[in-house]
Amino acid sequence: GAGVSQSPSNKVTEKGKDVELRCDPISGHTALYWYRQSLGQGLEFLIYFQGNSAPDKSGLPSDRFSAERTGGSVSTLTIQRTQQEDSAVYLCASSLGVSSTDTQYFGPGTRLTVL
Amino acid sequence: DAKTTQPTSMDCAEGRAANLPCNHSTISGNEYVYWYRQIHSQGPQYIIHGLKNNETNEMASLIITEDRKSSTLILPHATLRDTAVYYCIVRSWGSGNTPLVFGKGTRLSVIA
């Protein structure tokens with residue numbers, strides 16, 4: 001069965017450029033999460049969407065980061081004017097969004113390298 | 001959510017049981033214990049969760065002490081593919097579908 005997919009798997013960009021990272025959640029999952037994992041660091045929450053509610057953006061590190069979720073399915077994380085400290089693996093996860101104990105299923109991640 | 005403490009790293013011989021401890025001494029009554037693992041270059045993978053009773057599934061067993069202040073994840077017959085970072089996470093039942101808060105985890109190395 002289809003799990004969470006992310007694209008691209010790897011992205012190399014130059015400092016100052018904008019990048020878009022895509023996440024396709026599991027079909028039927030209403031909750032979607034973005035995390036990032038920097039080298040040697042733990043997983044850090046960025047933003048999460050639950051159904052039609054306003055997203056929780058409390059984890060976004062700066063206003064250069066934004067995310068959208070269109071039609072309650074696919075999500076795009078956009079980083080504007082990338083900096084070298086943005087280099088990390090960006091992970092997306094989804095869950096049913098029905099119960100507080102719903103399991104979160106993670107995608108394989110997008111490895112972003114900012115030169 | 002309550003904080004968890006795990007050893008930084010552990011080794012386990014292939015075929016043996018791997019017992020990964022987690023302390024969560026400030027856990028409250030409505031908080032569950034979750035375990036995830038992250039194999040190198042992959043996204044985290046759910047393993048198991050529990051509230052107060054011991055739990056078992058096809059991947060592992062979760063033993064929670066009676067006072068719920070600590071728990072142990074048991075991989076009954078560790079294989080090389082079980083080498084990963086294991087995260088113990090405490091989440092409130094009433095927290096809805098809120099994000100997971102990952103600590104440093106335990107790096108388990110299964111040795112042939």
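Note that the structure is predicted; figures quoted are calculated from it, not measured. Below, chains carry the letters A, B, ... as their sequence lines are ordered, and counting in each starts from 1.
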Original post:
What is the distance from atom CD1 of B:Ile47 to atom OG1 of A:Thr103, rounded to the nearest 0.5 Å?
Top reply: 11.5 Å

Original post:
Does B:Leu75 belong to the same Ile/Leu/Val/Met/Phe/Trp/Tyr cluster as B:Val110, with side-chain heavy atoms less than 4.5 Å apart forming each link?
Top reply: yes

**OP:** Report yes or no: do A:Trp34 and A:Ile79 belong to one cluster of Ile/Leu/Val/Met/Phe/Trp/Tyr joined by side chain heavy-atom distances under 4.5 Å?
**Re:** yes

**OP:** May I ask whether A:Leu32 and A:Leu96 are part of the same hydrophobic cluster, defined by side-chain heavy atoms of I, L, V, M, F, W, Y residues being less than 4.5 angstrom apart, directly or through others?
**Re:** no

Subject >> Portion of A:Tyr105 that has a non-hydrogen atom of chain B nearer than 4.5 angstrom >> reply: neither

Original post:
Going only through I, L, V, M, F, W and Y residues with side-chain contacts under 4.5 Å, is there a path from B:Ile63 to B:Trp35?
Top reply: no

Subject >> Minimum side-chain heavy-atom gap A:Tyr35-B:Leu100 below 4.5 Å >> reply: yes

**OP:** Counting only heavy atoms closer than 4.5 Å, note whether A:Gln37 contacts chain B via side chain, backbone, both or neither.
**Re:** side chain

Original post:
For A:Leu43, is it the side chain, the backbone, both, or neither that has a heavy atom closer than 4.5 Å to a heavy atom of chain B?
Top reply: both

**OP:** Name the option with the most non-hydrogen atom pairs under 4.5 Å to chain A; the candidates are B:Pro44, B:Gly43, B:Ser41.
**Re:** B:Pro44

Original post:
Listed by residue number, which members of residues 106-115 of chain A have a heavy atom under 4.5 Å from any heavy atom of chain B?
Top reply: A:Phe106, A:Gly107, A:Pro108

**OP:** Indicate, with yes or no, if A:Tyr33 and B:Tyr46 share a hydrophobic cluster defined by side-chain heavy-atom contacts under 4.5 Å among Ile, Leu, Val, Met, Phe, Trp and Tyr.
**Re:** yes

Original post:
If you draw a 6.0 Å radius around CG in B:Leu80, do more than 12 non-hydrogen atoms from other residues or ligands fall strictly inside?
Top reply: yes

